[in-house]
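So the structure is just underneath, and the comments pick up after that.
Values reported hereafter were calculated over all heavy atoms of this structure, with side chains retained and with hydrogens, waters and symmetry mates removed. Letters go in sequence order (proteins before strands), and every chain restarts at 1.
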Amino acid sequence: MINYITPDDIRRCSGHRVAIDVETTGLSWVRNYIIGVGVWCPDVDVYGYIITKTKEPSYETYKALKSLSRDTVVIMHNAKFDCHMMGISPDSWDLIIDTTDLVHIIDSRLPKNAEWVEERFLRTHTKKDYIIRHPYTKIWDWPDDDVAEYCINDCRIEYKFAEVLIPAVCDLDLWDLFLKDMEYLKLLWEVERKGILLDTKFTFDAVELQRKTLKHLEQILMDSVGYEFNWRSTQQLSKAIYADMGIPKPKNPFADKDGVDRSRFADAGKYKSTCTSSFLLTEKVHHPLGELIFAMRESDRLIKVLEGWFLVTDMNKVVHTNFNLTGTRTGRLSSSKPNIQNVPSEARGRFTQSIYTGDTHRTAEYNLRNAFIARPGTVMISTDFKQMEMRMFGILSQDPFMLKSLAAGRDIHGDIAEKVWGTRDEVHREWSKTISFGLIYGMTIGSLMYKLNMPRAEAARVCDQYWKEFPRIKPWLDDVVQECMATGAVHYWSGRLWKEEKQIDMYKGANAQIQGGCADLLSVAALRVRAWIREQNNPNIHILNLVHDEVIVESPIEICLYIARNVAKIMQVPDLFDIPFATDTKIGFTYGSLNKVPKELVADESIIRYDPPPIAPLEMGKDPEFIEIVLDEPEEESQIEEQVY
DNA sequence: ATGCAATGCGCG
DNA sequence: AAAGCGCGCATTGCAT
């Protein structure tokens with residue numbers, strides 16, 4: 001169907017259920033722009049497309065979309081992106097339906113691209129048919145009529161996705177969870193839109209420094225080896241630092257001290273690796289160039305990360321990440337372009353495969369978090385949950401000792417060590433940490449002995465002591481697998497399902513319940529923080545970033561302690577679980593220089609004004625029937641500035 | 001040209 | 001190598 005409509009046709013959709021889809025010149029809402037908008041609205045028989053390549057139709061279309069009343073039910077596939085492209089906050093409407101999230105909630109393993117969803121849930125392949133008509137071309141290079149037809153069809157299938165998937169979500173009793181996700185999506189849109197200010201001078205200087213450093217290190221490596229080669233290639237590097245330097249490559253770096261390989265992979269014939277990871281080189285092989293290669297890879301990576309930020313920075317030197325609500329198996333967020341959740345911190349050299357060594361630091365120029373700065377007149381407040389996953393572990397397993405220790409705000413790992421082994425010295429505390437996290441991750445005895453660096457029998461004994469002192473832990477872990485076997489899924493506190501049919505992977509259910517439960521908790525905490533921030537009526541307070549157990553807020557300097565106290569209090573969500581989720585607060589002018597605020601200063605009740613949040617995201621029940629969605633009365637106007645594309 | 005797996009490593 | 005969970009990104013090397 002090729003049907004060109006006018007902005008007035010869009011206005012007719014106001015107050016109805018309408019699927020909207022935008023066509024753009026690319027996937028970056030910072031750099032690209034809209035070339036057209038399609039709508040599908042059976043309620044008022046509007047099905048069509050508007051070309052918005054030129055200025056006037058673009059602005060008129062924007063105004064029409066913006067005028068859609070709050071009670072319009074807007075259906076989109078990946079709504080956050082379309083809203084960015086339109087320059088319209090998803091919070092302009094009480095209810096938006098993101099069909100990718102419907103898919104994700106039904107089963108987090110499923111792909112979300114519209115082609116696949118159409119094939120799987122509508123049993124048609126119209127979108128694919130349009131695409132294969134134009135091999136090797138981008139949509140923005142297609143003839144206008146073809147784009148129009150394609151876009152209108154996208155709107156049509158998205159509308160159908162909603163019709164099919166909403167009842168499915170309701171059947172699973174997950175409609176309230178979906179509504180929470182849609183509120184979260186609105187929050188994420190605001191966080192992305194606001195972005196984080198980049199210190200371009202720091203970034204530029206840091207690149208220069210790292211380039212010089214890398215050049216220097218490259219020279220050392222070439223001198224050591226005696227010839228030039230591509231050190232980024234693990235194959236070439238392995239040959240250079242083992243064969244050509246006369247250093248024997250380990251047959252199996254993980255063999256026991258007597259040289260006997262007792263691992264379950266001993267006979268698998270898999271020792272073909274290049275053995276060039278930094279961990280292996282320094283911790284196992286003790287290769288003389290281990291530290292050098294680690295430093296080279298670090299500098300090389302830092303350069304790429306810093307350069308990447310320049311590429312995604314807008315004209316105001318602000319970096320806008322993309323939070324993906326449907327990117328993970330467990331329900332966590334992921335972040336990309338740029339990934340703001342894995343920015344190298346001050347702490348350095350912690351090999352993921354070995355026990356944390358802990359005491360090394362990056363100097364300021366290497367601490368890339370220093371590149372992100374609070375806007376003039378403001379500071380960053382970071383509020384993170386203390387031992388968040390341990391807390392969730394304790395709550396889910398209902399272990400009385402753990403709950404008591406956590407509720408009292410004590411050092412849980414020390415407490416566990418003392419209970420199990422009668423001493424809380426560093427060695428036993430490390431054991432305790434290793435085992436506790438290992439359990440959360442579903443570790444086996446085999447890897448525990450490797451982690452604790454002790455023989456199997458001793459590792460088994462240490463583990464048994466742990467089981468004995470915490471009699472509920474093992475049964476809880478077993479119950480999770482049991483539930484998964486019986487129902488094909490485990491349930492989080494939030495209601496979210498983690499599906500798994502493969503028996504071999506069911507041990508991961510316990511971790512999913514903990515990790516994903518924490519993710520849903522963070523989303524609720526962040527939503528409450530946002531609601532409270534709005535009440536302050538101060539346009540200079542925003543949520544800037546979310547990193548799994550941490551919410552970062554930008555706040556005017558003069559009121560930052562007041563903000564910090566309230567955020568800390570709210571995030572503890574004392575009404576949701578047996579014990580509150582304790583928080584730590586840090587404040588600073590850059591992401592890399594946050595300083596811990598003394599507990600007494602944050603917890604000073606006399607200055608806290610804490611009102612219960614107006615939004616209780618998981619309890620706002622709305623009619624789950626798609627056909628008869630009833631919405632609340634329009635609320636007050638959004639405070640988001642109008643954005644024009 | 002483009003896609004994919006493997007390697008390596010940053011974060012929680 | 002991997003062995004305990006969850007991610008994203010850059011590069012190499014090979015396949016199409």
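The CE-C1' distance, from A:M449 to C:dA2, rounds to 12 Å in whole Å. Atom CG in A:D520 sits about 16 Å away from atom P in C:dG6, given to the nearest Å. Taking atom CG on A:N545 and atom C1' on C:dC7, their separation rounds to 15 Å, with Å as the unit. Rounded to a whole Å, the NZ atom of A:K138 is 7 Å from the P atom of B:dT2. Rounded to whole angstrom, the span from the OH atom of A:Y466 across to the C1' atom of C:dG4 amounts to 14 Å. Atom-to-atom, CE of A:M296 to P of C:dT12 comes out at 13 Å; the value is rounded to the nearest Å. Protein atom CE of A:M506 is 17 Å distant from nucleotide atom C1' of C:dC5, rounded to whole Å. Going from atom CD of A:Q235 over to atom P of B:dG8 covers 11 Å, rounded to whole Å.
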**OP:** Determine, step by step, whether A:W431 and A:Y466 satisfy the ring-ring contact (aromatic ring centres under 6.0 Å, His included) criterion, reporting the C-alpha distance in whole Å, the side-chain angles of both residues, the deciding distance to 0.1 Å, and the verdict.
**Re:** CA-CA 10 Å; A:W431 284 14; A:Y466 193 102; over 10 Å; no
**OP:** Check the pair A:H491, A:W498 against ring-ring contact (aromatic ring centres under 6.0 Å, His included), reporting the backbone distance first and the verdict last.
**Re:** CA-CA 6 Å; A:H491 292 73; A:W498 181 87; over 10 Å; no
**OP:** Evaluate salt bridge (charged side-chain N to carboxylate O under 4.0 Å, His left out) for A:E192 paired with A:K80, printing each intermediate quantity in order.
**Re:** CA-CA 9 Å; A:E192 292 176 358; A:K80 202 148 49 57; 2.5 Å; yes
Subject >> Worked verdict on A:F204 versus A:F202 for ring-ring contact (aromatic ring centres under 6.0 Å, His included) >> reply: CA-CA 6 Å; A:F204 186 85; A:F202 172 92; over 10 Å; no
Original post:
After noting the C-alpha distance and the side-chain angles of A:F372 and A:W309, does the key distance pass the ring-ring contact (aromatic ring centres under 6.0 Å, His included) rule?
Top reply: CA-CA 10 Å; A:F372 293 110; A:W309 290 344; 4.6 Å; yes
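With A:S224 contributing its side chain and A:I220 its backbone, the two residues share a donor-acceptor pair below 3.5 Å.
For the residue pair A:H84 and A:R193, a side-chain donor N or O sits within less than 3.5 Å of a side-chain acceptor on the partner. Inspection of the A:W231 and A:E218 side chains reveals an N or O donor paired with an N or O acceptor under 3.5 Å.
For C:dC5, one of the phosphate oxygens OP1 or OP2 lies less than 4.0 angstrom from a side-chain nitrogen or oxygen of A:Y507. Between A:S345 and the phosphate of B:dC11, there is a side-chain N or O to OP1/OP2 separation shorter than 4.0 Å. Taking only side-chain nitrogens and oxygens, A:S273 never comes nearer than 4.0 Å to OP1 or OP2 of B:dT7. At C:dT12, none of the side-chain N or O atoms of A:T274 fall inside 4.0 Å of OP1 or OP2 (strictly under the cut-off). For C:dG8, the OP1/OP2 oxygens have a side-chain nitrogen or oxygen of A:S334 closer than 4.0 Å. For B:dG8, the OP1/OP2 oxygens have no side-chain nitrogen or oxygen of A:S278 closer than 4.0 Å. A sub-4.0 Å separation between OP1 or OP2 of B:dC9 and a side-chain N or O of A:R297 is present.
Going from the P atom of B:dG12 to that of C:dG4 covers 23 Å, rounded to whole Å. Rounded to whole Å, the P atom of C:dA2 lies 11 Å from the corresponding atom of B:dA6. Taking atom P on both C:dG13 and C:dA1, the two are 15 Å apart, rounded to the nearest angstrom.
In terms of position along DNA chain C, the nucleotide closest to A:L448 lies nearer the 5' end than the nucleotide closest to the other residue of the pair A:N324 and A:L448.
Of the candidate nucleotides C:dG13, C:dA3, B:dC11, C:dA3 has the atom lying nearest to any side-chain atom of A:T444. Side chain of A:S233, nearest nucleotide from B:dC9, C:dT12, C:dC5: C:dT12.
Between A:W421 and A:H428, the ring planes are tilted. Angles from 30° to 60° get that label. Between A:F581 and A:F385, the ring-plane angle classifies as perpendicular under the 30° and 60° cut-offs.
Taking every heavy atom of both residues into account, A:Q515 and A:R332 meet most closely at CG-NE, 3.4 Å. Between A:I247 and A:I241, the shortest heavy-atom contact is CB-O, 3.8 Å. The shortest non-hydrogen separation linking A:L406 to A:M390 is CD1-O, 3.7 Å.
In terms of polar N and O atoms assigned as donor or acceptor, the side chain of A:R332 comes within less than 3.5 Å of the base of B:dG12 in a complementary pairing. Between the side chain of A:Q341 and the base of C:dC7 there is no donor-acceptor pair of N/O atoms closer than 3.5 Å.
Residue contacts for A:Q236: at a heavy-atom cut-off of 4.0 Å it reaches the sugar-phosphate backbone alone, with no base atom in range. The residue A:C275 sits close only to the backbone: its heavy atoms come under 4.0 Å of sugar-phosphate atoms, none of a base.
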Listed pairs, N/O of protein and of nucleotides 9-11 of chain C, under 3.5 Å:
from	atom 1	to	atom 2	distance (Å)
C:dC9	OP1	A:K337	N	2.8
C:dT11	OP1	A:K304	NZ	3.2

**OP:** Determine which bases of DNA chain C form Watson-Crick or G-U wobble pairs with both distances under 3.5 Å, and write the result as a 5' to 3' dot-bracket string with | for other-strand partners.
**Re:** ....||||||||||||
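Scanning residues 207-218 of chain A for heavy-atom distances under 4.0 Å to DNA chain C yields an empty list.
Other residues, nucleotides and ligands place no more than 12 heavy atoms under 6.0 Å from the CG atom of A:L27.
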